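Below is one structure, written out as structure tokens; comments come after it.
Source: prediction; values computed, not measured. Excluded from the calculations below are hydrogen atoms, water molecules and symmetry mates; all remaining heavy atoms, backbone and side chain alike, are included. Within every chain, numbering begins at 1; the chains are lettered A, B, ... in the order of the sequence lines, protein sequences first and strands thereafter.
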Protein chains: 2
Amino acid sequence: MVTLKAARALLDEKGLRSSATRIHVLAYLLSYPSHPTADEIYQALLPKMLTLSKTTIYNTLDLLTEANITRQITIDGKEARFDIIIVDHGHFQCNTCKHIYDFSVDLDECMVADLTGFKVAQRNIYFKGICPNCQK
Amino acid sequence: MVTLKAARALLDEKGLRSSATRIHVLAYLLSYPSHPTADEIYQALLPKMLTLSKTTIYNTLDLLTEANITRQITIDGKEARFDIIIVDHGHFQCNTCKHIYDFSVDLDECMVADLTGFKVAQRNIYFKGICPNCQK
DNA sequence: ACATTAAATTGTAATGGTTACAAAAATAAA
DNA sequence: TTTATTTTTGTAACCATTACAATTTAATGT
């Protein structure tokens with residue numbers, strides 16, 4: 001499990017204590033950058049950590065998001081999803097199968113003058129429609 | 001109230017029955033294009049329509065969204081917001097005062113080749129940060 | 001105008017993701 | 001080890017949204 005070491009390193013780098021929960025949550029996000037929900041992470045880790053609590057998952061995800069390691073995205077408005085921050089990229093959610101695809105986008109290219117004076121900390125872009133698979 | 005007539009006209013145009021609730025909800029969105037929540041609309045209309053139900057607000061907003069008159073946006077992930085569809089534009093939410101600003105953006109300009117084969121039905125872009133007012 | 005059918009609205013209860021909070025456990029410091 | 005701090009846990013509360021059945025309202029046909 002190379003991601004466990006990577007997770008620990010990332011936490012150290014940010015000055016966060018690397019508890020077992022944090023390492024595993026972060027390792028999961030590194031291994032499965034598929035925008036999982038809090039519950040998906042919880043269900044995936046539960047077999048390994050029998051006493052794991054849902055609250056801890058939320059606390060940890062808040063912590064990681066606060067430290068700019070992860071990003072919280074809301075696409076369907078139903079439940080939050082969490083994404084390892086790599087580079088600015090867009091999300092496409094298929095209305096049929098609900099799967100979320102990443103796509104690259106150069107946000108600097110499409111900027112406008114309206115936001116002078118605004119301090120932009122985070123940029124999100126998401127599309128909706130039908131993915132190629134579901135068009136068949 | 002010119003917006004009441006405009007609301008009725010819009011409903012007629014889409015082949016939707018123009019009930020009192022629908023007219024008022026739509027007129028409110030036309031008058032206050034400030035991305036209100038379902039509850040904000042409900043609270044605003046309640047004095048005029050004493051028997052109004054929250055469920056009806058949701059039903060109506062679903063209907064309008066289905067008819068492509070309004071668009072549902074989720075920025076904070078906490079509660080849905082509703083916006084009259086005009087043109088593609090971005091939303092900026094201030095982390096401090098939570099106010100949501102509109103800004104224009106040419107989404108065609110920043111497109112990429114990744115999405116060939118995808119049928120894009122809706123494009124959303126939202127930024128977060130600090131607005132000029134809250135930087136003082 | 002009346003009866004019949006369909007559509008819209010209402011109220012209540014349930015759902016489900018998230019959060020508050022206090023207690024328990026684990027870790028670090030003295 | 002003792003003490004202090006941090007982390008984790010479990011339960012209960014919160015709150016936006018939805019399900020659903022009943023009621024009301026509007027449209028249609030006779």
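- Residue contacts shown for A:Asn59 include a base, since a base heavy atom lies under 4.0 Å away.
- Cluster annotation: B:Tyr101 and B:Phe127 are assigned to the same hydrophobic cluster (Ile/Leu/Val/Met/Phe/Trp/Tyr, side-chain heavy-atom contacts under 4.5 Å, transitive).
- Residue whose closest nucleotide on DNA chain C sits further toward the 5' end, between B:Leu16 and B:Lys54: B:Leu16.
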Inset, instruction - Using a 4.0 Å cut-off on protein heavy atoms (strictly under), produce a 5'-to-3' string for nucleotides 21-26 of chain D with B for base contact, S for backbone-only sugar-phosphate contact, and - for none. - result: ------
Inset, instruction - Any chance you could lay out the side chain to side chain contact (heavy atoms under 4.5 Å, CB included) test for B:Thr21 and B:His24, step after step, and finish with the verdict? - result: CA-CA 5 Å; B:Thr21 310; B:His24 280 97; over 6 Å; no
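- In this structure, A:Phe82 atom CZ and C:dG17 atom P are separated by 13 Å, rounded to whole Å.
- The separation between A:Arg81 atom CZ and C:dG17 atom C1' is 13 Å, rounded to whole Å.
- Phosphate contact (OP1/OP2 of C:dT9, side-chain N/O of B:Ser19, threshold under 4.0 Å): present.
- In this structure, the side chains of A:Phe92 and A:Ile100 stay at 4.5 Å or more apart for every pair of heavy atoms.
- Between the side chains of B:Thr70 and B:Thr65, a donor-acceptor pair is found at a separation under 3.5 Å.
- Taking every side-chain heavy atom of B:Tyr58 into account, D:dT17 is the closest of D:dT17, C:dT19, D:dT7.
- Atom OH of A:Tyr42 is separated from atom P of D:dG10 by 8 Å (rounded to the nearest Å).
- OP1 or OP2 of C:dT9 has at least one side-chain nitrogen or oxygen of B:Thr21 nearer than 4.0 Å.
- For the residue pair B:Asp102/B:His35, the side-chain donor-acceptor check at 3.5 Å is satisfied.
- Residue B:Arg22 places its side chain closer to C:dT9 than to any other of C:dT9, D:dT18, C:dG17.
- Contact of the B:Leu30 side chain with the B:Ile84 side chain is registered, since non-hydrogen atoms from C-beta on lie closer than 4.5 Å.
- With sequence neighbours excluded, the residues satisfying side chain to side chain contact (heavy atoms under 4.5 Å, CB included) with A:Gln135 are A:Ile130, B:Lys119.
- Residue pairs satisfying the ring-ring contact (aromatic ring centres under 6.0 Å, His included) criterion with at least one member in residues 55-90 of chain B, sequence neighbours excluded, are listed as follows: B:His89-B:His91.
- The side chain to side chain contact (heavy atoms under 4.5 Å, CB included) check on A:Asp12 picks up A:Arg8, A:Ser18, with sequence neighbours excluded.
- Summarising the geometry, the separation between CD on A:Glu40 and P on C:dG16 is reported as 16 Å, rounded to the nearest angstrom.
- Residues from residues 63-80 of chain A that place a heavy atom under 4.0 Å from any atom of DNA chain C, listed by number: A:Lys78, A:Glu79, A:Ala80.
- Among the heavy atoms of the strands lying under 4.0 Å from B:Thr56 is at least one base atom, whether or not backbone atoms are also near.
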Using a cutoff of under 3.5 Å, can you pull out all pairs of nitrogen or oxygen atoms linking the protein to nucleotides 12-14 of chain C, with atom names and distances?
from	atom 1	to	atom 2	distance (Å)
C:dT12	O4	B:Thr55	OG1	3.4

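- By the 4.5 Å heavy-atom criterion applied to side chains, B:Asn124 and A:Asn124 are not counted as neighbours.
- Atom-to-atom distance recorded for B:Thr37:OG1 and B:Asp76:CG is 9.5 Å, nearest 0.5 angstrom.
- The distance between atom CG of B:Leu61 and atom P of C:dA8, rounded to the nearest whole Å, is 15 Å.
- Distance CG (A:Asp62) to C1' (D:dT6): 16 Å, rounded to an integer number of Å.
- In this structure, the NE2 atom of B:His24 is 15 Å from the C1' atom of C:dT9, given to the nearest Å.
- When the P atom of C:dG11 is taken as reference, atom CD1 of B:Ile57 falls 12 Å away, rounded to whole Å.
- By the neighbour-count criterion of 12 heavy atoms within 6.0 Å, atom CD of B:Glu66 is sparsely surrounded, having that number or fewer from other residues, nucleotides or ligands.
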